[in-house]
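By convention in this document, chain letters (A, B, ...) are assigned in the order of the sequence lines, proteins followed by strands, and residues within each chain are numbered from 1. For clarity, every value in this text was computed on a predicted model and none was experimentally measured.
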Amino acid sequence: MADDKALTRREDDFSAWYNEVVQRAELADHSPVRGSMVIRPWGYGIWERMQRALDDMFKATGHENAYFPLLIPMSFIEREKEHVKGFKPELAVVTHAGGKELEEPLVIRPTSETIIYSMYAKWIQSYRDLPLKLNQWANVMRWELRTRLFLRTSEFLWQEGHTAHATDQEAQEETREMLGVYRTFMEDWIAMPVVTGLKSESEKFAGAVRTYTCEAMMQDRRALQAGTTHHLGQNFSRQFDLTFQSEEGVEEYAWNTSWGVSTRLVGGMVMTHGDDTGIIVPPRLAPTQVVIVPIYRKDSERTGVVEKAAQMRDRLAAEGVRVRVDDRDHLNPGAKFWEWERKGVPFRIEIGPRDLAKEQVVVVGRVTAEGADRKAFLPEAQAVVEMPQRLEEFQLQLLETARARREAHSHRGVQSIDELKEVLEGPGGFVYTGWSGDPEVEDRVKAETGATLRCIPDPDFQSTEVPDRCVGGGEARMEAMWAKAY
RNA sequence: CGGGGCGUGGCUCAGUCCGGUAGAGCGCUGCGUUCGGGUCGCAGAGGUCCCCGGUUCGAAUCCGGGCGCCCCGACCA
């Protein structure tokens, strides 16, 4: 994409801003096949950082990685009634291979429950084989009608955890534990605060007993479902004969869970932190946290400055900072500043002849507003030792800003659908109301306001005043959080 | 699946109404110059005008058919 045109501002057209910013930051590009994307190095680097952090957290909670195949027999998908109903419309199916029509069509996995639990059935005989807690990093395919880079593409990358347990309670605990892992990851790494809670029957995963979710608020105040965990009960184990002999010698069906987050998180990061200059990458996710731009006129200056830049790079790297020198000679410093700001690198260090003389450097943070004071002139040694702390502060600042924005646009104690509609048509955001639990109310809210029930919030997010009236009339049995969603 | 838009150098697009040598800006290459917020100059490379068919002496342009992509809504991580 050419950069000579000004970036659309968020307030003018958030959707256009997103599309432009993703491409200009070189996160991803459209592939020739409709609805699928190429993830470019900068975007993939961010995803790799996410993967590494999540993977460590999965390992720390007793999971191992494995890999299951891309192709799944159609009959497997069809085995679980609700599951097939949910996924059939968006399946991509292989009907021919090796120049011949296949006897049974093969589905390109939209998710792997069926193939995984069919294998678990082979491996699990006794309660001693439980729990079995595996995760896989994979691509999946869901033939979406309308796609957007990262947020919804036909093929996307994700992780899917799949576990089998001896008891309902243990599976329930796993489901909750992984929801907590997701929440921690999203807050601590993406600096993206989330509301966790239970999905309603109509919003839950196809084939699950219950689904929990992490809902994040984007800058346009719409909700992004950022991750889900599912208690699958015995729905899949019954269909795939996943049984085990209990301690008491009784043959029982295992209890399963599954949970996943995807490259959608990259989109969430963009829409949580980006500004009208470009994206902003939280330091913990940034493949490059600090970029050093050498500034010089003559060749004589160049030598010294570039040497100092390399020296600073090594000293920062020794402090554990991911740093690189932008020594491209055909771009002037201003062009480099623009590029790295567009890509959201947290800090830039400028080193020129004047700094060399004073043994100082110029440190500029990505989020500081326009103006002279955004540049900090620091002694070299100080810039080096303080950088890890600056990065940590930057990370926290992003989370606080995002959290403050979410709180400013959370509306509690809303009593009626009319009032709900008013809020959504006005300021927008997350709206908390009482709910009877009746799906008919969800339908009415959807029809009248365009909002959906994002979740029944966990205690951490419930209103201090428990609502007693359902938003659709009558008595409330619980609190619900509503929003327009991606 | 409905509605809208668009297919012309790498990118953004003009040219299409009214047929007549295929253009601009940016990017790219070379040389020089510059470099503390998108340097400047000179020279240069680069095109089956989405595809197929038709009309015509002649089609990017007119006619018919097809394909693709993007955006907006209904369904979805």
How would nucleotides 67-74 of chain B be written as a contact map, 5' to 3', with B for base contact, S for sugar-phosphate-only contact and - for no contact, using protein heavy atoms under 4.0 Å?
--SSSSBB

B/C1: pairing nucleotide in any strand, Watson-Crick or G-U under 3.5 angstrom
B/G73

Who is the Watson-Crick or G-U wobble partner of B/C57, with both distances under 3.5 Å?
B/G20

Hey, can you pull the residues of [range] with a non-hydrogen atom under 4.0 angstrom from RNA chain B?
range: residues 280-298 of chain A; result: A/I295, A/Y296, A/R297
range: residues 193-205 of chain A; result: none
range: residues 76-96 of chain A; result: A/E90

cation_pi(A/R79, A/F76) dist<6.0 Å, angle<=45:
yes

Honestly, is A/R348 close enough over A/F337, meaning NZ or CZ under 6.0 Å from the six-membered ring centre and within 45° of the axis?
yes

Measure from CH2 on A/W340 to C1' on B/G37 and round the result to the nearest Å.
16 Å

Taking the P atom of each, how far is B/C49 from B/U61, in whole Å?
9 Å

Does the side-chain ring of A/W338 lie flat on the base of B/G38, meaning centres under 5.5 Å and planes less than 30 degrees apart?
yes

Describe, in one word, how the ring planes of A/F156 and A/W158 are oriented to each other, choosing from parallel (under 30°), tilted (30 to 60°) and perpendicular (over 60°).
perpendicular

Does any pair with a residue in residues 260-316 of chain A pass ring-ring contact (aromatic ring centres under 6.0 Å, His included), and if so which ones, sequence neighbours excluded?
none

Side-chain donor or acceptor of A/E339 under 3.5 Å from a matching atom on the base of B/G38?
no

Return a table of donor-acceptor pairs under 3.5 angstrom between the side chains of residues 287-295 of chain A and protein atoms on other chains or two or more places apart.
{"unit_1": "A/Q289", "atom_1": "OE1", "unit_2": "A/R322", "atom_2": "N", "d": "2.8"}
{"unit_1": "A/Q289", "atom_1": "NE2", "unit_2": "A/P283", "atom_2": "O", "d": "3.0"}

